[in-house]
There are 2 protein chains.
Amino acid sequence: MTIDQLDVRLISMLAAEPRIGVLECSRRLNVARGTVQARLDRMVARGVITGYGPDIDPTALGYGVMAFVTLQIRQVSGHSPVADRLALVPEVLEVHTITGGGDMLCRVVARSNADLQRVIDLIVDVDGVVRTSSVIALDTPVPYRVLPLVAAANRGENRN
Amino acid sequence: MTIDQLDVRLISMLAAEPRIGVLECSRRLNVARGTVQARLDRMVARGVITGYGPDIDPTALGYGVMAFVTLQIRQVSGHSPVADRLALVPEVLEVHTITGGGDMLCRVVARSNADLQRVIDLIVDVDGVVRTSSVIALDTPVPYRVLPLVAAANRGENRN
DNA sequence: AAAATTAGTGGACAATCTGCCCGGTCCTCA
DNA sequence: TGAGGACCGGGCAGATTGTCCACTAATTTT
(Lines give C-alpha, C1' and ligand atoms only; values in the text may rest on other atoms or scores of the structure.)
Protein backbone atom coordinates (compact mmCIF):
# COMPACT_ATOMS: atom_id res chain seq x y z
CA MET A 1 0.00 0.00 0.00
CA THR A 2 1.32 3.42 -0.84
CA ILE A 3 -1.04 6.14 0.22
CA ASP A 4 -4.74 6.32 0.85
CA GLN A 5 -7.41 8.88 0.25
CA LEU A 6 -6.73 10.74 3.45
CA ASP A 7 -3.06 11.07 2.58
CA VAL A 8 -3.95 12.46 -0.79
CA ARG A 9 -6.24 15.05 0.67
CA LEU A 10 -3.65 15.94 3.22
CA ILE A 11 -0.91 16.40 0.67
CA SER A 12 -3.17 18.35 -1.63
CA MET A 13 -4.17 20.62 1.18
CA LEU A 14 -0.61 21.27 2.22
CA ALA A 15 0.44 21.84 -1.35
CA ALA A 16 -2.29 24.39 -1.83
CA GLU A 17 -1.73 26.20 1.44
CA PRO A 18 1.52 25.18 3.06
CA ARG A 19 1.15 27.57 5.93
CA ILE A 20 -1.96 26.13 7.49
CA GLY A 21 -0.33 23.75 9.92
CA VAL A 22 -1.28 20.44 11.40
CA LEU A 23 -4.13 21.63 13.54
CA GLU A 24 -5.92 23.37 10.73
CA CYS A 25 -5.50 20.29 8.57
CA SER A 26 -7.11 18.10 11.17
CA ARG A 27 -10.05 20.47 11.36
CA ARG A 28 -10.60 20.54 7.63
CA LEU A 29 -10.23 16.82 7.26
CA ASN A 30 -12.41 16.08 10.25
CA VAL A 31 -9.89 13.87 11.94
CA ALA A 32 -7.97 14.12 15.16
CA ARG A 33 -4.82 16.15 15.17
CA GLY A 34 -2.80 13.15 16.21
CA THR A 35 -3.96 11.34 13.12
CA VAL A 36 -2.71 14.06 10.85
CA GLN A 37 0.58 14.18 12.65
CA ALA A 38 0.95 10.43 12.46
CA ARG A 39 0.15 10.45 8.75
CA LEU A 40 2.69 13.10 8.02
CA ASP A 41 5.32 11.41 10.13
CA ARG A 42 4.70 8.15 8.36
CA MET A 43 4.90 9.67 4.91
CA VAL A 44 8.12 11.41 5.80
CA ALA A 45 9.47 8.17 7.21
CA ARG A 46 8.54 6.27 4.09
CA GLY A 47 10.14 8.88 1.89
CA VAL A 48 6.94 9.97 0.19
CA ILE A 49 7.45 13.44 1.58
CA THR A 50 11.08 14.33 1.29
CA GLY A 51 10.88 17.80 2.77
CA TYR A 52 9.13 21.10 3.02
CA GLY A 53 11.89 23.27 1.70
CA PRO A 54 11.10 26.65 0.24
CA ASP A 55 10.57 26.51 -3.50
CA ILE A 56 12.84 28.94 -5.30
CA ASP A 57 12.15 30.37 -8.71
CA PRO A 58 15.40 30.76 -10.64
CA THR A 59 13.70 33.27 -12.91
CA ALA A 60 13.18 35.63 -10.02
CA LEU A 61 16.86 35.35 -9.24
CA GLY A 62 17.71 36.58 -12.70
CA TYR A 63 18.16 33.23 -14.35
CA GLY A 64 15.60 33.62 -17.05
CA VAL A 65 17.05 31.14 -19.52
CA MET A 66 16.58 27.44 -19.05
CA ALA A 67 18.00 24.72 -21.22
CA PHE A 68 18.41 21.00 -21.40
CA VAL A 69 21.86 19.86 -22.29
CA THR A 70 22.61 16.36 -23.49
CA LEU A 71 26.16 15.27 -22.88
CA GLN A 72 28.07 12.58 -24.64
CA ILE A 73 30.53 11.08 -22.21
CA ARG A 74 33.76 9.36 -23.02
CA GLN A 75 33.00 5.72 -22.35
CA VAL A 76 36.05 4.83 -20.35
CA SER A 77 35.72 7.30 -17.55
CA GLY A 78 32.34 6.37 -16.19
CA HIS A 79 29.66 8.74 -15.05
CA SER A 80 30.47 9.60 -11.49
CA PRO A 81 33.52 11.78 -12.03
CA VAL A 82 31.67 13.77 -14.63
CA ALA A 83 28.62 14.12 -12.47
CA ASP A 84 30.75 15.28 -9.58
CA ARG A 85 32.22 17.99 -11.71
CA LEU A 86 28.88 19.05 -13.04
CA ALA A 87 27.60 19.29 -9.50
CA LEU A 88 30.13 22.03 -8.90
CA VAL A 89 28.45 24.27 -11.43
CA PRO A 90 25.64 26.14 -9.68
CA GLU A 91 23.75 26.66 -12.90
CA VAL A 92 23.41 22.92 -13.34
CA LEU A 93 20.15 22.19 -11.58
CA GLU A 94 19.99 18.46 -12.11
CA VAL A 95 21.81 15.68 -13.88
CA HIS A 96 20.53 12.35 -15.11
CA THR A 97 22.24 9.50 -16.80
CA ILE A 98 20.13 8.33 -19.66
CA THR A 99 19.77 5.47 -22.04
CA GLY A 100 22.02 5.53 -25.03
CA GLY A 101 25.64 4.69 -24.32
CA GLY A 102 27.35 7.09 -21.98
CA ASP A 103 24.96 9.95 -22.24
CA MET A 104 23.77 12.35 -19.64
CA LEU A 105 21.03 14.91 -19.58
CA CYS A 106 21.14 17.97 -17.45
CA ARG A 107 18.98 20.95 -16.85
CA VAL A 108 20.77 24.25 -16.65
CA VAL A 109 19.79 27.85 -16.22
CA ALA A 110 21.52 31.06 -17.19
CA ARG A 111 21.03 34.79 -16.99
CA SER A 112 20.82 35.23 -20.73
CA ASN A 113 21.53 33.44 -23.93
CA ALA A 114 25.04 34.80 -23.84
CA ASP A 115 25.40 33.57 -20.30
CA LEU A 116 24.14 30.21 -21.39
CA GLN A 117 27.14 29.97 -23.64
CA ARG A 118 29.35 30.46 -20.64
CA VAL A 119 27.56 27.74 -18.70
CA ILE A 120 27.78 25.33 -21.60
CA ASP A 121 31.44 26.08 -21.93
CA LEU A 122 31.87 25.19 -18.29
CA ILE A 123 30.19 21.89 -18.99
CA VAL A 124 32.18 21.17 -22.09
CA ASP A 125 35.34 21.80 -20.16
CA VAL A 126 34.53 19.00 -17.77
CA ASP A 127 36.91 16.15 -18.32
CA GLY A 128 35.19 13.24 -19.98
CA VAL A 129 32.59 15.31 -21.79
CA VAL A 130 33.01 14.66 -25.46
CA ARG A 131 30.18 16.66 -26.94
CA THR A 132 27.07 18.53 -25.90
CA SER A 133 23.83 19.35 -27.57
CA SER A 134 21.41 21.73 -25.97
CA VAL A 135 17.86 22.79 -26.42
CA ILE A 136 16.51 25.95 -24.91
CA ALA A 137 13.19 25.91 -23.13
CA LEU A 138 11.15 28.73 -24.61
CA ASP A 139 8.10 28.30 -22.47
CA THR A 140 6.78 26.00 -19.78
CA PRO A 141 3.12 25.30 -20.42
CA VAL A 142 3.05 22.74 -17.62
CA PRO A 143 5.35 23.61 -14.73
CA TYR A 144 6.61 20.81 -12.55
CA ARG A 145 3.80 19.32 -10.55
CA VAL A 146 3.11 16.12 -8.69
CA LEU A 147 -0.37 16.56 -7.34
CA PRO A 148 -2.17 14.87 -10.23
CA LEU A 149 0.21 11.99 -9.83
CA VAL A 150 -0.46 11.80 -6.12
CA ALA A 151 -4.15 11.63 -6.79
CA ALA A 152 -3.65 9.01 -9.45
CA ALA A 153 -1.37 6.93 -7.25
CA ASN A 154 -4.22 6.65 -4.83
CA ARG A 155 -7.03 6.12 -7.29
CA GLY A 156 -5.54 3.19 -9.02
CA GLU A 157 -3.24 1.18 -6.93
CA ASN A 158 -4.52 1.62 -3.43
CA ARG A 159 -6.15 -1.31 -1.71
CA ASN A 160 -7.52 -0.41 1.68
CA MET B 1 19.13 43.83 -6.64
CA THR B 2 18.01 40.30 -6.25
CA ILE B 3 19.01 38.85 -2.91
CA ASP B 4 21.72 39.55 -0.42
CA GLN B 5 23.85 37.50 1.87
CA LEU B 6 21.26 37.40 4.60
CA ASP B 7 18.64 36.12 2.21
CA VAL B 8 20.96 33.38 1.08
CA ARG B 9 21.65 32.28 4.59
CA LEU B 10 17.98 32.39 5.37
CA ILE B 11 17.01 30.30 2.38
CA SER B 12 19.81 27.84 3.01
CA MET B 13 18.76 27.48 6.58
CA LEU B 14 15.15 26.88 5.70
CA ALA B 15 16.11 24.44 3.00
CA ALA B 16 18.20 22.45 5.42
CA GLU B 17 15.68 22.48 8.23
CA PRO B 18 12.28 23.63 7.07
CA ARG B 19 10.66 23.12 10.41
CA ILE B 20 12.61 25.62 12.43
CA GLY B 21 10.36 28.64 12.02
CA VAL B 22 10.91 32.35 11.87
CA LEU B 23 11.94 32.86 15.45
CA GLU B 24 14.61 30.22 15.39
CA CYS B 25 15.94 31.69 12.16
CA SER B 26 16.24 35.10 13.69
CA ARG B 27 18.19 33.66 16.57
CA ARG B 28 20.63 31.79 14.40
CA LEU B 29 21.14 34.72 12.09
CA ASN B 30 21.48 37.18 14.92
CA VAL B 31 18.83 39.51 13.61
CA ALA B 32 15.46 40.61 14.88
CA ARG B 33 12.50 38.39 14.22
CA GLY B 34 10.74 41.15 12.34
CA THR B 35 13.66 41.33 9.97
CA VAL B 36 13.42 37.68 9.10
CA GLN B 37 9.69 37.93 8.62
CA ALA B 38 10.11 40.97 6.42
CA ARG B 39 12.76 39.25 4.35
CA LEU B 40 10.62 36.21 3.80
CA ASP B 41 7.58 38.28 2.97
CA ARG B 42 9.57 40.27 0.47
CA MET B 43 11.00 37.23 -1.22
CA VAL B 44 7.59 35.68 -1.47
CA ALA B 45 6.21 38.93 -2.84
CA ARG B 46 8.96 39.14 -5.42
CA GLY B 47 8.42 35.57 -6.47
CA VAL B 48 11.79 34.32 -5.37
CA ILE B 49 10.08 31.96 -2.99
CA THR B 50 7.08 30.48 -4.70
CA GLY B 51 5.91 28.28 -1.87
CA TYR B 52 6.72 25.86 0.86
CA GLY B 53 4.80 22.91 -0.46
CA PRO B 54 5.70 19.40 0.62
CA ASP B 55 8.17 17.77 -1.73
CA ILE B 56 6.88 14.47 -2.99
CA ASP B 57 9.06 11.66 -4.27
CA PRO B 58 7.34 9.87 -7.14
CA THR B 59 9.57 6.87 -6.58
CA ALA B 60 8.11 6.35 -3.14
CA LEU B 61 4.68 6.39 -4.74
CA GLY B 62 5.61 3.51 -6.97
CA TYR B 63 6.66 5.51 -9.99
CA GLY B 64 10.18 4.28 -10.27
CA VAL B 65 10.69 4.96 -13.95
CA MET B 66 11.40 8.44 -15.21
CA ALA B 67 11.83 9.50 -18.79
CA PHE B 68 12.16 12.55 -20.95
CA VAL B 69 9.97 12.56 -24.00
CA THR B 70 10.55 14.86 -26.92
CA LEU B 71 7.44 15.53 -28.95
CA GLN B 72 7.24 16.68 -32.49
CA ILE B 73 4.13 18.78 -32.89
CA ARG B 74 2.16 19.37 -36.03
CA GLN B 75 3.00 22.93 -36.97
CA VAL B 76 -0.44 24.19 -37.66
CA SER B 77 -2.08 23.51 -34.37
CA GLY B 78 0.10 25.50 -32.03
CA HIS B 79 1.33 24.42 -28.67
CA SER B 80 -1.40 25.29 -26.26
CA PRO B 81 -3.95 22.66 -27.22
CA VAL B 82 -1.33 19.98 -27.01
CA ALA B 83 -0.03 21.21 -23.70
CA ASP B 84 -3.54 21.29 -22.31
CA ARG B 85 -4.03 17.69 -23.25
CA LEU B 86 -0.70 16.66 -21.83
CA ALA B 87 -1.60 18.38 -18.59
CA LEU B 88 -4.44 15.92 -18.21
CA VAL B 89 -2.04 13.02 -17.93
CA PRO B 90 -0.95 12.70 -14.30
CA GLU B 91 2.28 10.98 -15.23
CA VAL B 92 3.38 14.02 -17.18
CA LEU B 93 5.24 16.03 -14.57
CA GLU B 94 6.23 19.00 -16.68
CA VAL B 95 6.12 20.25 -20.23
CA HIS B 96 8.36 22.71 -22.00
CA THR B 97 8.30 24.07 -25.47
CA ILE B 98 11.78 24.00 -26.87
CA THR B 99 13.80 25.37 -29.71
CA GLY B 100 13.58 23.50 -32.96
CA GLY B 101 10.34 23.95 -34.86
CA GLY B 102 7.27 22.85 -32.98
CA ASP B 103 8.92 20.62 -30.47
CA MET B 104 8.13 19.99 -26.86
CA LEU B 105 9.97 18.25 -24.11
CA CYS B 106 8.24 16.64 -21.20
CA ARG B 107 9.25 14.71 -18.17
CA VAL B 108 7.14 11.71 -17.38
CA VAL B 109 7.15 8.97 -14.80
CA ALA B 110 5.74 5.46 -14.83
CA ARG B 111 5.47 2.44 -12.59
CA SER B 112 7.59 0.27 -14.83
CA ASN B 113 9.00 0.13 -18.30
CA ALA B 114 5.85 -1.54 -19.46
CA ASP B 115 3.82 1.17 -17.82
CA LEU B 116 5.98 3.75 -19.54
CA GLN B 117 4.75 2.38 -22.81
CA ARG B 118 1.20 3.07 -21.71
CA VAL B 119 2.07 6.63 -20.76
CA ILE B 120 3.85 7.26 -24.03
CA ASP B 121 0.87 5.88 -25.88
CA LEU B 122 -1.30 8.36 -24.05
CA ILE B 123 0.97 11.11 -25.22
CA VAL B 124 1.12 9.91 -28.77
CA ASP B 125 -2.64 9.81 -28.86
CA VAL B 126 -2.82 13.53 -28.15
CA ASP B 127 -4.05 15.33 -31.21
CA GLY B 128 -1.25 17.30 -32.82
CA VAL B 129 1.54 15.04 -31.67
CA VAL B 130 3.29 13.72 -34.72
CA ARG B 131 6.09 11.74 -33.23
CA THR B 132 7.81 11.12 -29.92
CA SER B 133 11.26 10.10 -28.91
CA SER B 134 12.04 9.22 -25.35
CA VAL B 135 15.05 8.65 -23.22
CA ILE B 136 14.86 6.88 -19.91
CA ALA B 137 16.65 8.30 -16.92
CA LEU B 138 18.70 5.49 -15.46
CA ASP B 139 20.12 7.37 -12.55
CA THR B 140 20.12 10.86 -11.13
CA PRO B 141 23.60 11.73 -9.93
CA VAL B 142 22.55 15.29 -9.21
CA PRO B 143 18.96 15.60 -8.04
CA TYR B 144 17.18 18.87 -8.59
CA ARG B 145 18.66 21.55 -6.42
CA VAL B 146 18.73 25.31 -6.35
CA LEU B 147 20.82 26.14 -3.33
CA PRO B 148 24.12 26.45 -5.14
CA LEU B 149 22.40 28.76 -7.57
CA VAL B 150 20.99 30.83 -4.77
CA ALA B 151 24.45 31.22 -3.31
CA ALA B 152 25.87 32.10 -6.70
CA ALA B 153 23.13 34.59 -7.42
CA ASN B 154 24.24 36.44 -4.37
CA ARG B 155 27.97 36.12 -4.81
CA GLY B 156 28.11 37.62 -8.22
CA GLU B 157 25.38 40.00 -8.99
CA ASN B 158 24.43 41.47 -5.68
CA ARG B 159 25.00 45.16 -5.09
CA ASN B 160 24.01 46.26 -1.63
C1' DA C 1 -10.53 -17.67 20.44
C1' DA C 2 -7.57 -14.95 23.23
C1' DA C 3 -3.69 -11.88 22.88
C1' DA C 4 -1.15 -8.49 20.51
C1' DT C 5 -0.64 -4.94 17.32
C1' DT C 6 -1.98 -0.92 14.88
C1' DA C 7 -4.70 3.27 13.86
C1' DG C 8 -7.55 6.51 15.43
C1' DT C 9 -10.03 9.56 18.99
C1' DG C 10 -10.45 13.17 22.39
C1' DG C 11 -8.37 15.53 25.78
C1' DA C 12 -4.78 17.77 28.45
C1' DC C 13 -0.26 20.17 29.38
C1' DA C 14 3.61 23.40 29.14
C1' DA C 15 6.44 25.62 25.89
C1' DT C 16 6.73 27.92 21.91
C1' DC C 17 5.66 30.56 18.03
C1' DT C 18 2.87 33.73 15.33
C1' DG C 19 0.80 38.01 13.91
C1' DC C 20 0.69 42.51 15.16
C1' DC C 21 1.73 46.71 17.32
C1' DC C 22 4.99 50.31 19.04
C1' DG C 23 8.94 53.73 19.50
C1' DG C 24 13.57 54.64 18.17
C1' DT C 25 17.90 54.43 15.22
C1' DC C 26 20.45 54.47 11.06
C1' DC C 27 21.10 55.20 6.17
C1' DT C 28 19.96 56.64 1.46
C1' DC C 29 17.96 59.46 -1.86
C1' DA C 30 15.56 63.44 -3.52
C1' DT D 1 16.64 68.79 5.52
C1' DG D 2 12.94 65.66 5.02
C1' DA D 3 10.82 61.30 3.62
C1' DG D 4 11.29 56.46 3.14
C1' DG D 5 12.92 52.22 3.97
C1' DA D 6 15.17 48.80 6.87
C1' DC D 7 16.27 47.16 11.17
C1' DC D 8 16.13 46.60 16.29
C1' DG D 9 14.19 45.34 20.69
C1' DG D 10 10.37 44.79 23.09
C1' DG D 11 5.57 43.52 24.37
C1' DC D 12 1.00 41.29 23.90
C1' DA D 13 -2.85 37.99 23.18
C1' DG D 14 -3.97 34.10 20.72
C1' DA D 15 -2.88 30.01 18.31
C1' DT D 16 0.01 26.06 17.54
C1' DT D 17 3.28 22.50 18.58
C1' DG D 18 5.24 18.47 20.73
C1' DT D 19 4.15 15.23 23.85
C1' DC D 20 1.83 12.67 26.93
C1' DC D 21 -2.45 9.79 28.36
C1' DA D 22 -6.53 6.53 28.35
C1' DC D 23 -9.89 4.33 25.50
C1' DT D 24 -12.09 2.23 21.28
C1' DA D 25 -12.12 -0.37 17.04
C1' DA D 26 -10.18 -3.23 13.64
C1' DT D 27 -6.79 -6.29 12.10
C1' DT D 28 -3.19 -9.67 12.76
C1' DT D 29 -0.79 -13.13 15.18
C1' DT D 30 -0.34 -16.94 18.03
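Lettering follows sequence order; numbering is per chain, from 1. The structure displayed is predicted, hence computed values, not measured ones.
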Output a table of donor-acceptor pairs, distance under 3.5 Å, between side-chain atoms of residues 99-110 of chain B and any protein atom two or more places apart or on a different chain; print 'none' if there are none.
residue  : atom : partner  : partner atom : Å
B:Thr99  : OG1  : A:Ile136 : N            : 3.2
B:Arg107 : NE   : B:Glu94  : OE2          : 2.6
B:Arg107 : NH2  : A:Glu94  : OE1          : 3.2
B:Arg107 : NH2  : A:Glu94  : OE2          : 2.7
B:Arg107 : NH2  : B:Glu94  : OE2          : 2.9

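Within the structure, the salt bridge (charged side-chain N to carboxylate O under 4.0 Å, His left out) test picks out the following pairs touching residues 9-18 of chain B (sequence neighbours left out): B:Glu17-B:Arg28. The list of salt bridge (charged side-chain N to carboxylate O under 4.0 Å, His left out) pairs with a residue in residues 80-91 of chain B, not counting sequence neighbours, reads B:Glu91-B:Arg118.
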Per-nucleotide protein contact string for nucleotides 16-22 of chain C, where B marks a base within reach and S marks sugar-phosphate only (heavy atoms under 4.0 Å, - for neither): -SBBB--

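Looking at residues two or more places apart in sequence or on another chain, you find a salt bridge (Lys or Arg N to Asp or Glu O under 4.0 Å) between A:Asp127 and A:Arg74. Every residue two or more places apart in sequence or in another chain was checked for a side chain to side chain donor-acceptor pair (under 3.5 Å) with B:Asp125, and none qualifies. By the side chain to side chain donor-acceptor pair (under 3.5 Å) test, B:Arg39 is found to be paired with B:Asp4, B:Asp7, residues two or more places apart in sequence or in another chain being considered. For A:Asp57, the side chain to side chain donor-acceptor pair (under 3.5 Å) test picks out A:Thr59, with sequence neighbours left out. Under the salt bridge (Lys or Arg N to Asp or Glu O under 4.0 Å) criterion, A:Arg145 pairs with no residue, sequence neighbours left out. Scanning for side chain to side chain donor-acceptor pair (under 3.5 Å) contacts around A:Thr140 gives B:His96, with sequence neighbours left out.
Using a 4.0 Å cutoff to heavy atoms of chain A, the contacted part of DNA chain D runs 5' to 3' from D:dT16 to D:dT19.
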Is there any protein nitrogen or oxygen under 3.5 Å from a nitrogen or oxygen in nucleotides 6-8 of chain C, and what are the pairs?
residue : atom : partner : partner atom : Å
C:dG8   : OP1  : A:Arg39 : NE           : 2.8
C:dG8   : OP1  : A:Arg39 : NH2          : 2.5
C:dG8   : OP2  : A:Arg42 : NH2          : 2.8

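A donor-acceptor contact closer than 3.5 angstrom is absent between the side chains of B:Gln117 and B:Asn113.
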